[in-house]
Amino acid sequence: MIQNIPSTIAKPIVRYRNITKSFGDHTVLKELDLDILPGEVIALIGPSGSGKTTIARLLMTLEKPSSGTIEVNGEMLWHEEKRGKLVWANEKHLHRVRSSIGMVFQHFNLFPHMTILRNVMEGLIQVHKIPKVKAEHQALEMLSRVGLQDHILHYPVQLSGGQKQRVAIARALVMQPQIMLFDEVTSALDPELVEEVLEVIKGIAAEGNMAMMLITHEMDFAKDIADRVLFTDGGIIVEQGTPQQIFEDPQSPRLQAFLTRFLKGRTDIVVNDQVAAGAK
């Protein structure tokens with residue numbers, strides 16, 4: 001994780017500025033500003049429909065902003081400057097800038113007709129143009145890292161949900177991204193499989209080699225792993241801070257109400273008196 005680097009010293013690796021995203025008449029993000037520092041792990045929490053996933057999809061260029069700009073490593077993602085004006089970037093520009101970003105989805109998105117090894121190799125061969133022998137070696141190393149070295153010749157249908165998600169993580173990591181996005185990666189898993197995936201992500205975060213954005217409903221996980229937690233609701237960042245600030249001393253009524261619903265019936269998390277009273 002990030003080693004408490006002051007924001008005045010570290011230059012953000014990702015910068016959202018005045019980002020708005022609408023689908024027809026429905027606005028899901030409203031003038032969002034957000035900086036992510038190198039090596040920082042941020043967790044996005046909030047109710048369904050609050051804009052969390054859209055924040056990640058905009059960075060992965062799966063959704064196009066309605067207005068505003070995003071920078072990655074100091075370079076515009078969605079825009080290019082031509083004749084002194086910002087214009088929408090072409091696909092070649094988008095592909096080049098987003099090459100430093102990896103994303104793991106909640107539904108795995110593995111190629112069913114490929115072995116696990118080939119799933120992890122494919123991006124190296126097709127995108128990075130790495131020779132097959134070298135790509136295979138790198139893929140084997142990454143699959144070993146996530147504990148799947150004994151399953152390399154299996155197909156996705158032969159794996160559990162937790163194993164499939166670990167393959168998806170290996171496939172993203174082998175591309176050596178500087179920024180990793182995890183979108184509700186445990187939401188499609190049976191409860192007994194969640195921990196094996198979370199442990200892999202914790203190990204990646206502990207290395208501190210890349211910035212990470214986690215969209216999650218796993219509050220304990222967010223509290224354990226994140227440098228900073230952001231609570232989104234209604235298309236805006238309502239409150240942000242350290243996990244201790246967010247979970248133990250929430251300031252906004254909207255965050256207090258959200259945590260009250262989550263904590264109802266639980267006695268293992270201590271929060272301020274106002275939230276605790278609502279959880280009883």
Side-chain angles (χ1 to χ4, degrees), residues 1-8 10 12-16 19 28-59 104 106 179-187 194-195 197-199 201-202 204-206 208 210-280:
M1 292 190 195
I2 191 172
Q3 300 299 316
N4 299 317
I5 303 173
S7 59
T8 54
I13 192 169
V14 176
R15 188 189 296 267
Y16 294 75
I19 286 288
V28 294
L29 289 178
K30 303 173 183 177
E31 300 181 348
L32 174 83
D33 287 337
L34 172 62
D35 288 349
I36 304 173
L37 300 177
E40 184 178 23
V41 178
I42 69 167
L44 303 182
I45 65 170
S48 297
S50 63
K52 306 185 300 296
T53 290
T54 301
I55 292 173
R57 288 177 65 84
L58 288 166
L59 185 57
V104 181
Q106 63 188 77
I179 306 147
M180 275 288 289
L181 313 177
F182 296 90
D183 182 17
E184 296 286 9
V185 293
T186 60
S187 64
V194 169
E195 191 60 32
V197 173
L198 297 185
E199 284 302 316
I201 298 174
K202 286 179 183 178
I204 298 166
M210 64 186 77
M212 295 172 60
M213 178 189 293
L214 306 156
I215 300 156
T216 184
H217 283 97
E218 300 279 349
M219 298 300 150
D220 294 330
F221 179 57
K223 187 174 183 180
D224 287 345
I225 196 173
D227 297 303
R228 182 163 45 119
V229 179
L230 288 72
F231 170 66
T232 63
D233 194 16
I236 64 172
I237 297 173
V238 177
E239 190 170 339
Q240 60 180 300
T242 66
Q244 291 72 28
Q245 290 169 334
I246 294 298
F247 293 111
E248 298 175 16
D249 190 23
Q251 300 298 304
S252 67
R254 287 158 80 178
L255 176 55
Q256 291 170 359
F258 175 79
L259 291 177
T260 295
R261 291 193 297 273
F262 169 71
L263 295 173
K264 193 171 184 178
R266 293 186 59 171
T267 60
D268 58 322
I269 297 180
V270 178
V271 295
N272 69 18
D273 292 340
Q274 184 173 354
V275 177
K280 292 179 180 178

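Quick caveat: nothing in here was measured; it's all calculated off a predicted structure.
Taken from OG1 in T216 to CD in E184, the straight-line distance is 5.5 Å, to the nearest 0.5 Å. I204 contributes atom CD1, which lies 5.5 Å from atom CE of M180 (distance to the nearest 0.5 angstrom). Expressed to the nearest 0.5 Å, how far CD1 of I42 lies from CD1 of I215 amounts to 8.5 Å. Rounding to the nearest 0.5 Å places CG of L259 at 7.0 Å from CE of M219. One distance of note links CG of L255 with OG1 of T232; it measures 10.5 Å at 0.5 Å rounding.
With hydrogens and angles ignored, the 3.5 Å screen pairs a side-chain donor or acceptor of Y16 with a backbone N or O of I55. Between the Q251 side chain and the E239 main chain, no donor and acceptor come within less than 3.5 Å of each other.
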Next item on the list: Verify side chain to side chain contact (heavy atoms under 4.5 Å, CB included) between I246 and I45, making sure each step is shown before the conclusion.
Entry: CA-CA 10 Å; I246 294 298; I45 65 170; 4.2 Å; yes
Check: Given L58 and L29, is the side chain to side chain contact (heavy atoms under 4.5 Å, CB included) satisfied, shown in steps?
Finding: CA-CA 11 Å; L58 288 166; L29 289 178; 3.6 Å; yes
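Between K202 and D224, the closest heavy-atom pair is NZ-OD2, 4.0 Å. The two residues L181 and A56 make their nearest non-hydrogen contact at CD1-O, 3.6 Å. Of all the heavy atoms in M210 and I179, the pair that sits closest is CB-N, 4.4 Å. Shortest non-hydrogen contact noted between M212 and I201 is CE-CG2, 3.7 Å. Here the closest heavy-atom approach between residue P243 and residue A222 is recorded as CG-O, 4.3 Å. Contact between S50 and G46 at its shortest, heavy atoms only, is OG-C, 3.9 Å.
Residue pairs meeting the salt bridge (Lys or Arg N to Asp or Glu O under 4.0 Å) criterion with at least one partner in residues 41-59, sequence neighbours excluded, are R57-E63.
Residues I36 and M213 form a side-chain contact, since some pair of their non-hydrogen atoms from C-beta on lies under 4.5 Å apart. In this structure the side chain of I236 reaches within 4.5 angstrom of the side chain of R254, judged on heavy atoms. Side-chain contact between E40 and P12: absent, with no pair of heavy atoms (C-beta onward) separated by less than 4.5 Å.
Of the residues V185, L44, V229, V41, the one that meets the side chain to side chain contact (heavy atoms under 4.5 Å, CB included) test with L214 is V41.
Environment of CD in E31: sparse, with no more than 12 heavy atoms of neighbouring residues, nucleotides or ligands closer than 6.0 Å.
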